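These numbers come from a predicted model, not from an experiment. All ligand and atom numbering here is 1-based and tracks the order in the structure.
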Amino acid sequence: MTEHPHGEQDPALDPRATELAQRLTAVRKRIAAAAESAGRSDRPPSLIVVTKFHPAADIRRLATLGVTDVGENRDQEAAAKSAELAGLALNWHFVGQLQSKKAKSVVRYAAAVHSVDRLQLVDALAKAVRNEMDAAGRAPLDCFIQVSLEDDGGTHRGGADPADVPLLAERMAGSIGLHLAGVMAVAPLGAPPEPAFEKLAAISARLVADHPGAAAISAGMSQDLEAAVKFGATHLRIGSDILGSRPVVG
Ligand SMILES: *Cc1c(COP(=O)(O)O)cnc(C)c1O
């Protein structure tokens, strides 16, 4: 018998758990199908469930369903949820725009930051993570360089200019406590995702030529995961197709 110390974790008593289980299964099937058509069933991408705006209770339900990696985009919310769920073996991924002054807080709970897009933030994270390694014995922080894929060179959805990737990568690779994992991007709004993810794959290939260990590609959200898998995504960040639309918070 499985114990359900919190009644809400028993699917029979908890419609939300049933709903999450069904949605998660549907997304896992989409990922498996996409990996199969990309000829990479042997190297499927890993799934990060983006839980922003949804309560810690939902993350608890997801952990029961086998989810190990969750993503958040606001430090205050992520810090509170990770503290509440400290007993669960979860990897926390920070995926949102990050102010340097929040680095100290983020390295207390995050295994990875996907949104590193400027030198000042590299330096702030490096300093914060070294302190946390000394004080609390934490592991190095996985860092993804977020690049902008917008054709006009704009950064409406965040990210560094692709031309700045080599400099950011050098700085990260030279920082004790930071592990350069690879690149991350969000597909531009209102444009087909495939050309954008194809561009990201090329940026990744150039990075890997200089940094063979930095082969991760964090790309693909609810609307475009198939395109991302086709172009080599290793980490998918899926929110609304698993959790439903985000509650409006006042
Ligand atoms: C919210 C968010 C996601 C998840 O998006 P969905 O469309 O809900 O799947 C992925 N990446 C980032 C950076 C996000 O902010």
Q. If hydrogens are left out, which of His114, Arg237, Arg74 has an atom nearest to atom 11 (N) of ligand 1, that is, the closest non-hydrogen atom?
A.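 Nearest heavy atom to atom 11 (N) of ligand 1 lies in Arg237.
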Q: Nearest heavy atom to atom 3 (C) of ligand 1 wins, so pick from Gln97, Lys52, Glu72.
A: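 Of the listed residues, Lys52 has the closest heavy atom.
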(Q) Count I, L, V, M, F, W, Y as connected when their side-chain heavy atoms are under 4.5 Å apart, and connections chain through other members. Are Val129 and Val113 then in the same cluster? (A)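 Same hydrophobic cluster.
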Q. Between Val147 and Ile217, is there a shared hydrophobic cluster once you connect ILVMFWY residues whose side-chain heavy atoms come closer than 4.5 Å?
A.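 Linked within one cluster.
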(Q) Under 4.0 Å from a heavy atom of Ile238: which atoms of ligand 1 are those, numbered in the order shown and with their elements? (A)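 Within the 4.0 Å cut-off of Ile238, ligand 1 contributes 9 (O).
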Q: Could you label the plane-to-plane angle of the His235 and His93 rings as parallel, tilted or perpendicular, counting under 30° as parallel and over 60° as perpendicular?
A: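 It falls in the tilted class, 30° to 60°.
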Q) Looking at Glu36, Glu194, Glu198, which hits salt bridge (Lys or Arg N to Asp or Glu O under 4.0 Å) with Lys230? A)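 Result: among Glu36, Glu194, Glu198, Glu194 is the only option passing the salt bridge (Lys or Arg N to Asp or Glu O under 4.0 Å) with Lys230.
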Q.
Is there a polar contact between ligand 1 and Met221, counting only N or O atoms under 3.5 Å apart?
A.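 Not met; the criterion fails.
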Q.
Would Ser222 count as a polar contact of ligand 1, with the cut-off being nitrogen or oxygen pairs under 3.5 Å?
A.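 Checking ligand 1 against Ser222, an N or O pair does fall under 3.5 Å apart.
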Q. Starting from atom 7 (O) of ligand 1, which protein heavy atom do you reach first, and at what distance in Å?
A.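 In this structure, atom 7 (O) of ligand 1 has Ser240 OG, 3.6 Å as its nearest protein heavy atom.
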Q. Looking only at protein heavy atoms, which one is nearest to atom 13 (C) of ligand 1, and how far off is it?
A.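 Closest protein heavy atom to atom 13 (C) of ligand 1: Val95 O, 3.3 Å.
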Q | salt_bridge(Arg118, Asp164) N-O dist < 4.0 Å | A |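 The answer is no: the pair does not qualify as a salt bridge.
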(Q) So that I can tick it off, tell me whether Glu77 and Lys52 are bridged by a salt bridge, with the cut-off set at under 4.0 angstrom between side-chain N and carboxylate O. (A)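 Salt bridge: no.
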